[in-house]
Chemist: 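Quick one: the structure is below, and I'll ask about it shortly.
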Amino acid sequence: MAIANIENLESPVRQILERGRKTLERIVQHAGKRNLAPLQASANEATFLIEAARLAVESLGLSGDKTEQRMHKARLRGLSRLAELRKAAEPSMETAAVCGLLGVSRETVRKKVERKQLLALPKGESDRVFPAFQFQDGAVVPGVREVLEQLNTGSPFVALSFFLSRSPVFGGNSAIDALKAGLVDEVLTEARGFLNHGG
């Protein structure tokens with residue numbers, strides 16, 4: 001959203017933006033130059049916000065309660081992991097591109113996601129993107145649907161983590177690369193034990 005349009009926003013939105021600006025100023029003032037390096041090196045907005053939140057917890061002393069601080073840090077580790085997974089899943093495709101690739105409608109794509117036949121990651125409140133690794137030669141990589149059904153998880157990030165995970169069973173390759181090499185049965189066997197082993 002362009003800065004020039006801030007004055008045209010509703011009052012609650014302006015208040016949120018102003019609070020965010022002041023909070024970032026406080027974080028920067030308390031952090032010190034060395035601690036600002038991760039913020040400067042952030043590749044995207046999500047990583048920037050995660051790093052800003054980490055600095056806020058560490059440099060602003062948001063809570064004197066050690067248990068609450070540990071909880072904050074655990075949440076940040078979780079968010080960082082999600083950001084890493086998103087990065088590792090790139091490039092991603094928009095819904096329109098998937099429709100064009102597969103020659104199907106948006107409704108068909110939506111149903112495929114619901115039926116765990118395609119992996120989709122949330123983007124904003126109502127949109128989604130599709131890791132391109134699950135497509136090959138104008139179709140879904142054989143075995144992707146079966147893996148998603150086997151994992152049967154409500155979290156696309158758990159499924160994403162599995163597809164990107166490497167195993168000696170696959171010669172050190174990732175599960176998605178093993179599928180592309182035709183090792184569907186081996187990948188499905190690994191998928192069956194993935195959630196049980198804390199994947």
Chemist: Say you draw a straight line from CG of L151 to CG of L160; how long is it, rounded to the nearest 0.5 Å?
Modeler: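 CG of L160 is found 11.0 Å from CG of L151.
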Chemist: Atom CD in Q134, atom OG in S92: separation rounded to 0.5 Å?
Modeler: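 Spacing of CD (Q134) from OG (S92) equals 9.0 Å.
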Chemist: Look up atom CD in E18 and atom CZ in R21, then write down how far apart they are to the nearest 0.5 Å.
Modeler: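 E18 CD to R21 CZ: 4.0 Å, rounded to 0.5 Å.
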Chemist: So, applying side chain to side chain contact (heavy atoms under 4.5 Å, CB included) with Q117, which one of K111, E146, R145 is it?
Modeler: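 It is R145, the one option of K111, E146, R145 that forms the side chain to side chain contact (heavy atoms under 4.5 Å, CB included) with Q117.
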Chemist: Would you mind listing every salt bridge (Lys or Arg N to Asp or Glu O under 4.0 Å) that reaches into residues 95-108, with sequence neighbours excluded?
Modeler: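 Those involving residues 95-108 are E107-R110.
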Chemist: Measuring from atom CZ of F130 to atom NZ of K112, what distance do you get when rounded to the nearest 0.5 angstrom?
Modeler: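 One gets 11.0 Å once the value is rounded to the nearest 0.5 Å.
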Chemist: So, N173 side chain and F170 main chain: donor-acceptor pair closer than 3.5 Å or not?
Modeler: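 Present.
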Chemist: Main chain of V129, side chain of E94: is a donor-acceptor contact present, judged purely on distance under 3.5 Å?
Modeler: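 No: the side chain of E94 does not pair with the backbone of V129.
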Chemist: F163 vs L179, test: side-chain contact (heavy atoms from CB on, under 4.5 Å). Steps then yes/no.
Modeler: CA-CA 9 Å; F163 280 116; L179 285 180; 3.8 Å; yes
Chemist: Any carboxylate oxygen within less than 4.0 angstrom of a Lys/Arg side-chain nitrogen, looking at K22 and E25?
Modeler: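 E25 and K22: not salt-bridged.
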Chemist: Hey, could you give me the CD1/CZ distance between I176 and F162, rounded to the nearest 0.5 Å?
Modeler: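 Interatomic distance, I176 CD1 to F162 CZ, rounded to 0.5 Å: 9.5 Å.
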Chemist: Donor-acceptor check, side chain of K116 to backbone of G154, threshold 3.5 angstrom: yes or no?
Modeler: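 Here the side-chain-to-backbone pair does not exist.
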Chemist: Report yes or no: does S161 contribute a side-chain atom to a donor-acceptor pair with the main-chain N or O of V158 at less than 3.5 Å?
Modeler: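 Side chain of S161 to backbone of V158: no pair is present.
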Chemist: Here's a test for you: under side chain to side chain contact (heavy atoms under 4.5 Å, CB included), which of L118, L121, L148 qualifies with P156?
Modeler: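 Exactly one candidate clears the test, L121.
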Chemist: Looking at every heavy atom in both V109 and C99, which two are closest together, and how far apart are they?
Modeler: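 Here V109 and C99 meet closest at CG2-SG, 3.7 Å.
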Chemist: How close do L102 and G138 get, counting heavy atoms only, and between which atoms?
Modeler: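 So the minimum-distance heavy-atom pair works out to CD2-O, 3.9 Å.
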Chemist: Is there a side-chain contact between F194 and Q150, using heavy atoms and a 4.5 Å cut-off?
Modeler: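 No. Closest side-chain heavy atoms not under 4.5 Å.
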Chemist: Output yes when a side-chain donor or acceptor of T108 lies under 3.5 Å from a complementary backbone atom of V104, and no otherwise.
Modeler: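 No, T108 side chain to V104 backbone: no donor-acceptor pair under 3.5 Å.
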Chemist: Using the rule that Ile, Leu, Val, Met, Phe, Trp and Tyr join whenever any side-chain heavy atoms are under 4.5 Å apart, tell me whether L183 and V141 fall into a single cluster.
Modeler: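 In one cluster with L183: V141, no.
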Chemist: Considering non-hydrogen atoms only, spot the tightest contact between V184 and P142 and give its length.
Modeler: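 In terms of heavy atoms, the two residues are closest at CG2-O, 3.9 Å.
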Chemist: Could you go through the side-chain contact (heavy atoms from CB on, under 4.5 Å) check for S174 and L164 one step at a time?
Modeler: CA-CA 5 Å; S174 67; L164 297 176; 5.5 Å; no
Chemist: To the nearest 0.5 Å, what is the distance between CD on E190 and CG on D185?
Modeler: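 Spacing of CD (E190) from CG (D185) equals 12.5 Å.
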Chemist: Go through it in stages, so that I can follow the logic: the residues are V147 and L188, the test is side-chain contact (heavy atoms from CB on, under 4.5 Å), and I'd like the CA-CA distance, side-chain angles, deciding distance and then a yes or no.
Modeler: CA-CA 6 Å; V147 167; L188 285 174; 3.9 Å; yes
